[in-house]
There are 2 protein chains.
Amino acid sequence: MTIKEVAEKFDMTNDTLRYYEKVGLVGPVKKNSSGIRDYSEEDLKRIEFIKCMRSAGISIEVLKKYVDLYDEGESTKLERQHLLEEEQDKLEEKIKTMTEALEKLKYKIELYKTNKLDEYL
Amino acid sequence: MTIKEVAEKFDMTNDTLRYYEKVGLVGPVKKNSSGIRDYSEEDLKRIEFIKCMRSAGISIEVLKKYVDLYDEGESTKLERQHLLEEEQDKLEEKIKTMTEALEKLKYKIELYKTNKLDEYL
DNA sequence: TTATCACTTAGAGTCTAGTCTAAGTCAATA
DNA sequence: TATTGACTTAGACTAGACTCTAAGTGATAA
């Protein structure tokens, strides 16, 4: 699969895909005789996982760490699990914070709708 | 209330408070005869609201727009409501995305725990 | 054959949201 | 009186995550 196809499939830019490769999150992707990238099934799976985790706000630094541990092999399994568990905690916390903010936002909108707004901001 | 006290109360830095003032999110804050900031109750309420919204990822640009509309007065009420409703939609979408990512993360951790991990990454 | 187009690279530039620095003022304490 | 410490300013710097540019290559269409 070419970089263009991958970019379309996952709705991201070629630049982002090359950037992820440069920082070592993906690949190194195989290239054909003309030096053009040909993404493998495994590349695609990594990209999908990374895209999903990025959309949750997990940093490239953390993902890079995870990928590096994975590439080190079996011996890092437990460490990888712990890394993921830490990110789970952070993510749950973030969702909680955002849900609280959402509730406040909804309340404020309700005040606007019922014209009861005699408040600050 | 001094900048230091406000910073402590809301767990943020003096720099961030001055930055918010500089971009017009807060204040202008009253200053005493020595030029030292003295935050009012209203300033504190704004800061609290802004901090909450920032923690949900609402951009400074959007918040600035909201604050500016507010300062324009009554006539902007409906526009403000719409702005907030848009942010509500975005926020709900973001929470949904993050919750999905969280589910995937949990599933992956489960695979680690049960040693069924014969997967990619 | 020439032009076009998608790809390649290294590296510079951008945006957001702070964060830090330098130089200065003021009030209170040693 | 001298120094300490918290505050002030303007403006430079940073981190993270891209995004863009310039210069070049190679395959295909006219």
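Labels below follow one simple rule: chain letters A, B, ... track the order of the sequence lines, proteins then strands, and each chain is numbered from 1. Keep in mind the model is a prediction, meaning the values are calculated, not measured.
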- Tell me which nucleotide among dT19(C), dC7(D), dC7(C) gets nearest to the side chain of Tyr19(B). dT19(C)

- Task: Counting heavy atoms from C-beta on, name the nucleotide in dA17(C), dC18(D), dT9(D) closest to the side chain of Tyr20(A).
- Result: dC18(D)

- Nearest to the side chain of Arg54(B) - dG18(C), dC18(D), dC7(D)? dG18(C)

- Please state how far atom CG in Asn32(A) lies from atom P in dA6(C), giving the value in whole angstrom units. 16 Å

- Message: Using the side-chain heavy atoms of Arg37(B), tell me which of these nucleotides is nearest: dT8(C), dT8(D), dG26(D).
- Response: dT8(D)

- Run the salt-bridge test on Lys77(B) and Glu74(B) with the 4.0 Å N-O cut-off and return the result as yes or no. yes

- note: Leu17(A), atom CG; dT9(C), atom C1'; distance rounded to Å ~ 16 Å

- Task: Give the rounded distance in Å between these two atoms: CD of Glu8(B) and P of dA6(D).
- Result: 11 Å

- Item | Side-chain donor-acceptor contact under 3.5 Å, Tyr112(A) with Arg80(B) | yes

- Interatomic distance, Leu63(B) CG vs dG18(C) P [rounded to whole Å]: 10 Å

- Does a side-chain N or O from Thr16(B) land closer than 4.0 Å to OP1 or OP2 of dT19(C), or not? yes

- Upstream residue (5' side of DNA chain D) when Asn14(B) and Ser59(A) are each assigned their closest nucleotide: Asn14(B)

- Specify the separation, in whole Å, of atom CE of Met1(B) and atom P of dC7(D). 12 Å

- Query: Given dA27(C), is OP1 or OP2 found less than 4.0 Å from the side-chain N or O atoms of Ser34(B)?
  - Reply: yes

- Query: Any chance the side chains of His82(B) and Glu85(B) put a donor and an acceptor closer than 3.5 Å?
  - Reply: yes

- Message: Whole angstroms only, please: what is the CD-P distance between Glu61(A) and dA17(D)?
- Response: 8 Å

- With DNA chain D as reference, determine whether Lys22(A) or Ile3(B) sits nearer its 5' end, using the nearest nucleotide of each. Ile3(B)

- Let me know the distance between CD1 of Ile36(B) and P of dG24(C), rounded to the nearest Å. 18 Å

- Note on the structure: Leu25(A) CG to dC18(D) C1', in whole Å, measures 12 Å

- Report the relative orientation of the aromatic rings in Tyr66(A) and Phe49(A); use parallel for angles under 30°, tilted for 30 to 60°, perpendicular for over 60°. tilted

- Item | Phosphate OP1/OP2 of dT9(C) contacted by Lys31(A) side-chain N/O (<4.0 Å) | yes

- Task: Let me know, please, whether Gly57(B) or Asp15(B) comes out on the 5' side of the other along DNA chain C by nearest nucleotide.
- Result: Gly57(B)

- Near Asp71(B) CG, under 6.0 Å, is it more than 12 heavy atoms from other residues, nucleotides or ligands? yes

- Message: Over all strands shown, is Arg18(B) touching base, sugar-phosphate only, or nothing at heavy-atom distances under 4.0 angstrom?
- Response: base

